[in-house]
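Take a look at the structure below.
The chains referred to below are lettered A, B, ... by the order of the sequence lines, with proteins before strands, and numbering in each begins at 1. FYI, side chains are in, hydrogens and waters are out, and symmetry mates aren't considered; it's all heavy atoms of this structure.
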2 protein chains.
Amino acid sequence: MVDGAGGGEGLLFLTDEQLRKGIEAMFFAYRGFTADPDRILEGMDYGRAHHRAIHFIHRSPGTTVSNLLTILGVTKQSLNRVLRSLVEDGLVEARVGRADKRERHLYLTAKGAELERALSDAQRARMRAAYRAAGPAAVAGFRTVLEAMMDPEMRRQFQGLRDGGA
Amino acid sequence: MVDGAGGGEGLLFLTDEQLRKGIEAMFFAYRGFTADPDRILEGMDYGRAHHRAIHFIHRSPGTTVSNLLTILGVTKQSLNRVLRSLVEDGLVEARVGRADKRERHLYLTAKGAELERALSDAQRARMRAAYRAAGPAAVAGFRTVLEAMMDPEMRRQFQGLRDGGA
DNA sequence: AATTTACGTCAGCCTTGTTGACTTTCCAAG
DNA sequence: CTTGGAAAGTCAACAAGGCTGACGTAAATT
């Protein structure tokens, strides 16, 4: 740490300069964060939007389109385009709900799970390297600040999902 | 911290589940991170791309188009579209270099600086709140992990820029 | 003089967001 | 039972902002 962020000073480390560095760190880090999956996806007909859909279907199998809409924060029309191509290509299966036939429950096929694994392996590898380099205490701080940065609604989503809810 | 990331255990806290949570935290936090400026920009003719250009011109006044290209990681055609509208609208001034007349040195006008302030005030307010809620130790960890997550080239950019430099 | 560099621009394409209009299904009130 | 609204999902059309390719010009470099 070049500057005083890590010092033991009490409270007044929140200069505009400190905050600006945090902002830029988010910007550059997010680029790294998405770089590996983007590289895998390029050349296929898919993009980041497909990655996101696949990720959240994987982690909550059987979730509905509406659920996904809330989590991803896009319009249903936008999500639909992505979902349609994934279904057509046999990566995702959309089963009509038996309780409510309006709903589509989403599942990854074997092929979809395979792509999911390739994508998340790449992303996890970077995450793992960063975590290892930074150490457990830094990781805890990282997670704390990220949670504090979310919109309250998204934070609830995030925390709720952690306990494993579809 | 709900799970064991913050514990004092030696090394093996890097389960796939831990990593997945980190990945999702990045996703949700980045949404929050961009939400406030996006809200300000919507309605104007500008978007996130203009925000990024304005931000980096503000922090490195007199920077050239090439510099900006490297930092932002987009093509010149893409950046040019953004820059052209900012210059036309009188938010950015592009002065021909006196040492090297091929270069254009970029500066914010008073009007541009005003928008920059509105945007970064909003973003800093969120950052400040998150920092305050998380505390100094967490902030240090946050920055450490983010830096470790960047591509090496971008990390150099980031660290270089911290010491002040166009 | 020839080449390279920095920048600008035109044209066209792709991904991924948006809104608007529409169907099918469910449910609840009359 | 019917009807009317709400909810889930689909199709169409458009906009922002990435991209590549091709080309032009002025200035610097060799």
For this session: Answer with yes or no whether the side chains of A:His55 and A:Gln123 bring together a donor and an acceptor at under 3.5 Å.
Result: no
Exercise. Which part of the nucleic acid, if any, lies within reach of B:Ala99 when heavy atoms closer than 4.0 Å are counted: base, sugar-phosphate only, or nothing?
Worked result: sugar-phosphate
Problem set entry | Nucleotide-resolved protein contact map, nucleotides 13-20 of chain C, B/S/- at heavy-atom distance under 4.0 Å | --SBBBBB
Exercise. With respect to the phosphate group of D:dC11, does any side-chain polar atom (N or O) of A:Arg84 fall under 4.0 Å of OP1 or OP2?
Worked result: yes
Exercise. Is it true that atom CD of A:Glu153 has more than 12 heavy atoms of other residues, nucleotides or ligands lying nearer than 6.0 Å?
Worked result: no
For this session: Using whole Å, report how far CD of A:Glu103 lies from P of D:dA6.
Result: 18 Å
Problem set entry | Side-chain N,O (A:Asn80) to OP1/OP2 (D:dG9) below 4.0 Å | no
Exercise. Are A:His105 and A:Thr63 close enough that a side-chain donor and a side-chain acceptor fall under 3.5 Å?
Worked result: no
For this session: Please report, rounded to the nearest Å, how far the C1' atom of C:dT9 is from the CG atom of B:Leu83.
Result: 14 Å
For this session: Could you tell me the separation between the CG atom of A:Leu106 and the P atom of D:dA8, rounded to a whole number of Å?
Result: 13 Å
For this session: Classify the ring geometry between B:Phe158 and A:Phe28 as parallel (under 30°), tilted (30 to 60°) or perpendicular (over 60°).
Result: perpendicular
Problem set entry | Donor-acceptor pair under 3.5 Å, B:Arg102 side chain vs C:dT5 base | yes
Exercise. Rounding to a whole Å, what distance do you find between A:Arg98:CZ and C:dC26:P?
Worked result: 13 Å
For this session: Figure out the CG/P separation between A:Asp100 and C:dT25, and round it to whole Å.
Result: 11 Å
Seminar exercise, completed: Between CG of B:Leu68 and P of D:dG18 the distance, given in whole Å, is 12 Å
Seminar exercise, completed: Taken to the nearest whole Å, CG/B:Leu41 to P/D:dA15 is 19 Å
Seminar exercise, completed: The residue among B:Arg124, B:Arg128, B:Arg126 that forms salt bridge (charged side-chain N to carboxylate O under 4.0 Å, His left out) with B:Asp36 is B:Arg126
Problem set entry | Hphob cluster co-occupancy, A:Val96 + A:Tyr107, side-chain heavy atoms under 4.5 angstrom | no
Exercise. Between D:dA6 atom P and A:Lys101 atom NZ, what is the distance in whole Å?
Worked result: 23 Å
For this session: Decide yes or no on ring pair (Phe, Tyr, Trp, His ring centres under 6.0 Å) for B:Phe27 and A:Tyr30, but give the supporting numbers first.
Result: CA-CA 9 Å; B:Phe27 172 68; A:Tyr30 197 77; 7.9 Å; no
